[in-house]
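First comes the structure, then the notes that go with it.
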Amino acid sequence: GRDIPYEPQYPPFRRIIKSHARNDRYYTNVLLIVRNPLDVMSSYYMYTKNQMVFSGDFSSFIRHDRFGINAWVDHTQSWLEQSGRHQNMQVFHYEKLIEEPAVQLKRLFEIMGFTIRDTIIERAVEKSNFENMRRIEAETMSYSTQRFKKFKFVTKDNLAESDHHKQADIDYLFTAARPMMDKLGYK
């Protein structure tokens, strides 16, 4: 027989659903990943522009009823304020996932009831680093994304480092998002 280096102990079956939808009261265990809303808007704007879903400029995008910062606030509020007692919600900050991926990945697995060896976590982190994700994106580009060859889903861009946004737009975003940012622990 083969020598199996690790025999995982599986907890009860868990169905994992990835969603961008508003809070659903039928979800009992929720891992909510949040990101600095200023970076969300910048990333989402680039995505909608490249997918030809939105044709306006960034200033009109952040003020748009469907795409803008107020839609983000309403969406996030649905998760933070409408979760009932029956929902077990754990919040993960995107920035912490980037800064300390092994620690956050281990936390995520522990919440789900898995005990994973550190060497496996470290290997997963290495395989999902920025360079590998970019390579995988290029190798597995679907037909729909081939239409937009200049568009890269995996990027390092964020609003704080971007110089193509007007200060008035950044101020507008900050003012609209500040109460929710405070609730999420953003400074």
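- Side-chain heavy atoms closer than 4.5 Å link hydrophobic residues (I, L, V, M, F, W, Y) into clusters, and following such links, even through other members, never connects Val103 to Leu97.
- Under the side-chain contact (heavy atoms from CB on, under 4.5 Å) criterion, Val34 pairs with Leu32, Val91, His93, Leu184, Tyr186, sequence neighbours left out.
- Annotation: side chain of Ser128 is in contact with side chain of Met133 (closest heavy-atom distance under 4.5 Å).
- Between the OH atom in Tyr47 and the CG atom in Asn50 there is a gap of 10.0 Å [rounded to 0.5 Å].
- Taking the charged nitrogens against the carboxylate oxygens, Lys166 and Asp171 have no contact shorter than 4.0 Å, which rules out a salt bridge.
- Heavy-atom minimum distance, Pro37 versus Met181: CG-CG, 3.4 Å.
- Both Met89 and Ile17 are assigned to one and the same hydrophobic cluster, defined by single-linkage of ILVMFWY side chains at heavy-atom distances under 4.5 Å.
- Nearest heavy-atom pair, Val73 versus Ala176, reported as atom, atom and distance to 0.1 Å: CG2-O, 3.7 Å.
- Closest non-hydrogen pair, Asp24 versus Gln87, comes out as O-NE2, 2.9 Å.
- In this structure, the separation between OH on Tyr94 and CG on Asn36 is 11.5 Å, given to the nearest 0.5 Å.
- Minimum heavy-atom separation, Phe109 to Ile121: CD1-CD1, 3.8 Å.
- Between the side chain of Ser78 and the main chain of His75, a donor-acceptor pair closer than 3.5 Å is present.
- Between atom CG of residue Asn70 and atom CH2 of residue Trp72 there is a gap of 11.0 Å, rounded to the nearest 0.5 Å.
- Within a 6.0 Å sphere centred on CG of Asp65, heavy atoms belonging to other residues, nucleotides or ligands number 12 at most.
- Residues Glu122 and Val125 form no side-chain contact, since every pair of their non-hydrogen atoms from C-beta on lies 4.5 Å or further apart.
- Among residues two or more places apart in sequence or in another chain, the ring-ring contact (aromatic ring centres under 6.0 Å, His included) test is passed with Phe174 by none.
- Side chains of Phe58 and Leu173 form a contact here, defined as non-hydrogen atoms less than 4.5 Å apart.
- A salt bridge (charged side-chain N to carboxylate O under 4.0 Å, His left out) check over residues 91-102, counting only residues at least two apart or in different chains, returns nothing.
- Checked against side-chain contact (heavy atoms from CB on, under 4.5 Å), Leu108 has the following partners two or more places apart in sequence or in another chain: Leu31, Phe92, Met112.
- Between the side chain of Ser43 and the backbone N or O of Val40 there is no donor-acceptor pair closer than 3.5 Å.
- Judged by distance alone, the side chains of Asn29 and Gln90 never bring a donor and an acceptor atom under 3.5 Å apart.
- For the atom pair CE (Met41) and CD1 (Ile69), the distance works out to 4.5 Å, reported to the nearest 0.5 Å.
- Once rounded to the nearest 0.5 Å, the distance linking OH of Tyr44 with NE2 of His20 reads 9.0 Å.
- Taking the ring-ring contact (aromatic ring centres under 6.0 Å, His included) definition, one finds that Phe54 meets it with Phe61, His64, Phe67, sequence neighbours left out.
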Might you work through the side chain to side chain contact (heavy atoms under 4.5 Å, CB included) test for Ile62 and Asp169, ending with a clear yes or no? CA-CA 8 Å; Ile62 63 175; Asp169 291 335; 3.7 Å; yes
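- Residues Asp57 and Ser60 have side chains that bring a donor and an acceptor to within less than 3.5 angstrom of each other.
- Judged by distance alone, with hydrogens and angles left aside, the side-chain atoms of Asn129 form a donor-acceptor pair with the main-chain N or O of Glu126 at under 3.5 Å.
- Looking at heavy atoms from C-beta onward, Lys106 lies out of side-chain contact with Ile116 at the 4.5 angstrom threshold.
- The minimum heavy-atom distance between Arg22 and Asp74, with the atom names listed, is NH1-O, 3.3 Å.
- Evaluation of the salt bridge (Lys or Arg N to Asp or Glu O under 4.0 Å) rule for Arg123 yields no partner, not counting sequence neighbours.
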